[in-house]
Amino acid sequence: MIFKEQNQLSDEQKEFQKLTKALHYLYENHLDHYNYILKITDKTFVRLPKLIELLSTLNNTENNFLPKLIGSPNLDHETTKKFCFKGSGYIINKNLLTMIGPHLPYCLATIIKNSNIKNNYLQEDLAIERCFTKYVPMFKGCETFVDSDNNNDGLKKLRGYEFLNLRSDDEINWEKYKKPLEMFNDGYTNGWRFADAIVMGEVKDPSRIINLEEWYGKDGKFNELVEELGGVIPDPEPIPLPKQSDLLTIETIMPTETSNENINDVQSQGSDNIETSNVDVNDGIPTEASNAIVNDGIISEKSIVPIEKSPSETKNIINETNSISKMSISTTSEEKISSQSKINNENDGDYDDATLDVLDNHNGNGEVEVDELSPLSGEELAEP
């Protein structure tokens, strides 16, 4: 392998080096012995009879002379072609191996030199796709069985979900092996079902391998199910969308702009216009909310369901709300004036500027007019 010393390679580079060495060995010693090479790990379950059936069909297609890489496609943003996700494995046909074989010893050095790779990180499935792209001009990228020849009747019925890979901790979806016709979402792609899966990768739990063999092995429960259905696997039913009635509602609370702390501010401004809003009104219809979700102090709204109230009821709610706010302000104002009058009587006409505040407003008869909504100002005190 033409590259720097072995001890200078990262773990990912060493893994890729093992892959290219293995493929180069097959190229030199077994090129004419096999039509396809399946690259998987030892934690993979394969429905081998079904896979052989599909490969036999693919081998008889018109464009089988083209180099092919078959698996679960994912986009490589650097080359704009698709690579096959290594978790579920992939298939290399004889023609692709024939074209890439002489270049395999140089793949690692070329990929490191020409790719935007940081800290010697090298993802195996991306690297092998870039190697094919570099040295095989006819390479189209990773394909599904359907993409390989969509004119073939034996392949057109497939959906392109033949290579399944689930996280080992995805207990919910792994349990769906008992319901092979039920569709599910793996968190990235929607539309999976075990009825379509032929290669199932990264099965780290040995008990799952036993369960999959019981269901999808030779004479397994899945074959019995297909026989009961007349030998034809039905098309998948779409995953139902949630109904409007099933949507959660949340509480939307609009803060009141008037409180005991700012009533005095309102009085000093001499304003009766108090903006209050405890009722969420949308086109004249108050809304009810519940089940609020708070993240870092932010309320996120999912949906708001209108309450069926008549326009008169809505108007009464708003009027009552504003009346309560004004009543509280008026009461506070009267208490303040009363308190100030009491202080005036106790002083017997001796005004304490630090205590009493009187507006500079005379009526000409020796009387002082007091604005009930404005605080008294001692600085503007004047004799009659």
Side-chain angles (χ1 to χ4, degrees), residues 19 22-74 81-101 104 124-125 128-129 131-132 136 138-165 180 191-203 209 212-213 215-220 222-223 226 231-233:
L19 173 62
L23 292 176
H24 191 253
Y25 175 82
L26 293 173
Y27 165 74
E28 289 188 330
N29 299 280
H30 300 283
L31 182 61
D32 296 327
H33 298 166
Y34 306 100
N35 292 323
Y36 299 95
I37 298 169
L38 172 64
K39 193 274 177 186
I40 57 175
T41 69
D42 57 355
K43 299 179 178 63
T44 307
F45 177 81
V46 182
R47 294 170 59 187
L48 194 57
K50 183 65 177 178
L51 179 60
I52 293 175
E53 176 185 340
L54 287 180
L55 292 176
S56 298
T57 303
L58 182 63
N59 199 48
N60 295 324
T61 56
E62 297 179 357
N63 60 358
N64 188 50
F65 66 92
L66 295 174
K68 292 187 179 298
L69 178 67
I70 302 173
S72 179
N74 295 267
K81 290 188 178 181
K82 293 181 179 181
F83 67 96
C84 288
F85 183 57
K86 68 175 182 178
S88 52
Y90 46 84
I91 297 173
I92 300 173
N93 74 344
K94 178 180 177 179
N95 295 321
L96 178 56
L97 183 60
T98 301
M99 297 179 185
I100 194 61
L104 286 169
E124 172 200 309
D125 41 13
I128 195 65
E129 172 263 321
C131 182
F132 294 155
V136 183
M138 301 176 66
F139 177 65
K140 296 171 57 179
C142 182
E143 304 172 290
T144 64
F145 280 105
V146 181
D147 298 331
S148 298
D149 194 335
N150 52 20
N151 294 321
N152 185 279
D153 294 336
L155 300 177
K156 281 196 300 185
K157 61 182 180 181
L158 300 176
R159 301 180 57 243
Y161 292 83
E162 292 74 39
F163 291 80
L164 173 64
N165 177 72
W192 296 103
R193 62 175 186 170
F194 277 89
D196 301 320
I198 297 175
V199 181
M200 307 176 198
E202 295 299 313
V203 190
I209 292 284
L212 292 173
E213 178 65 29
W215 268 83
Y216 302 97
K218 185 178 180 180
D219 299 328
F222 179 69
N223 290 335
V226 173
V232 179
I233 301 176

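We number each residue from 1, following the sequence as shown. Note that the structure is predicted; figures quoted are calculated from it, not measured.
Judged by distance alone, the side chain of Asn93 and the main-chain N or O of Lys68 form a donor-acceptor pair under 3.5 Å. Side chain of Asn63 to backbone of Leu66: no donor-acceptor contact under 3.5 angstrom is found. Between the side chain of Thr44 and the backbone N or O of Ile40, no donor-acceptor pair lies under 3.5 Å. Side chain of Asp219 to main chain of Gly217: no donor-acceptor pair is present (N/O by atom type, distance under 3.5 Å, no hydrogens or angles). Panel note: side chain Arg159, backbone Val146; no donor-acceptor pair is recorded below 3.5 Å. With hydrogens and angles disregarded, no donor-acceptor distance shorter than 3.5 Å links the side chain of Asn95 to the backbone of Pro67. Using modelled atom types, one side-chain atom of Glu162 and one backbone atom of Gly160 make a donor-acceptor pair closer than 3.5 Å. Side-chain atoms of Asn29 come within 3.5 Å of backbone N or O of Tyr25 as a donor-acceptor pair. When atom types are taken as modelled, the side chain of Thr61 and the backbone of Thr57 share no donor-acceptor pair closer than 3.5 angstrom.
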| said: Between Cys142 and Asn74, is the side chain to side chain contact (heavy atoms under 4.5 Å, CB included) condition met? List the steps. | reply: CA-CA 8 Å; Cys142 182; Asn74 295 267; over 6 Å; no

| task | Decide yes or no on side chain to side chain contact (heavy atoms under 4.5 Å, CB included) for Asp196 and Phe194, but give the supporting numbers first. | result | CA-CA 5 Å; Asp196 301 320; Phe194 277 89; over 6 Å; no

| said: Using side chain to side chain contact (heavy atoms under 4.5 Å, CB included), reason through Ile91 and Leu55 one step at a time and then give a plain yes or no. | reply: CA-CA 10 Å; Ile91 297 173; Leu55 292 176; 4.0 Å; yes

| task | Could you give me the CA-CA distance, side-chain angles and deciding distance for Lys140 and Asp147, then say whether salt bridge (Lys or Arg N to Asp or Glu O under 4.0 Å) is met? | result | CA-CA 10 Å; Lys140 296 171 57 179; Asp147 298 331; over 6 Å; no

| task | Show your working on side chain to side chain contact (heavy atoms under 4.5 Å, CB included) between Ile198 and Phe163 and close with a plain yes or no. | result | CA-CA 6 Å; Ile198 297 175; Phe163 291 80; over 6 Å; no

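The two atoms that bring Leu164 and Ala197 nearest to each other are CB-CB, 3.9 Å, heavy atoms only. Across all non-hydrogen atoms, the minimal contact from Lys82 to Glu129 is O-CG, 3.6 Å. Between Thr41 and Glu202, the shortest heavy-atom distance links the atoms OG1-OE2, 3.8 Å. Taking every heavy atom of both residues into account, His24 and Leu104 meet most closely at N-CD1, 3.4 Å. For the pair Tyr27 and Leu97, the tightest heavy-atom approach, listed with the atom from each and the gap, is CD1-O, 3.6 Å. Shortest non-hydrogen contact noted between Lys86 and Asp125 is N-OD2, 3.0 Å.
Residues satisfying the ring-ring contact (aromatic ring centres under 6.0 Å, His included) criterion with Phe65, sequence neighbours excluded, are absent altogether. Partners of Arg47 by side-chain hydrogen bond (donor to acceptor under 3.5 Å, both in side chains), not counting sequence neighbours: none found.
Checked against the 6.0 Å centroid threshold, Trp192 and Tyr161 count as a close aromatic pair.
Once rounded to the nearest 0.5 Å, the distance linking CD of Glu53 with CG of Leu51 reads 10.0 Å. Lys94 contributes atom NZ, which lies 9.5 Å from atom CG of Asn59 (distance to the nearest 0.5 angstrom).
By the 6.0 Å contact criterion, NZ on Lys81 is enclosed, its count of non-hydrogen atoms from other residues, nucleotides or ligands being greater than 12. With a 6.0 Å radius and a threshold of 12 heavy atoms from other residues, nucleotides or ligands, Lys39 has its NZ atom above the threshold.
Within the 4.5 Å cutoff, no side-chain heavy atoms of Leu26 are placed close to those of Leu31. Using a 4.5 Å cut-off on side-chain heavy atoms (C-beta onward), Ile100 and Leu23 make no contact. Tyr34 has its side chain out of reach of Ile92: every pair of non-hydrogen atoms, C-beta onward, lies at least 4.5 Å apart. Here the side chains of Ile70 and Leu58 are in contact, with some heavy-atom distance below 4.5 Å. You'll find the side chain of Tyr90 stays beyond 4.5 Å of the side chain of Ser72, heavy atoms only. Using a 4.5 Å heavy-atom cutoff, the side chains of Leu69 and Phe132 are in contact.
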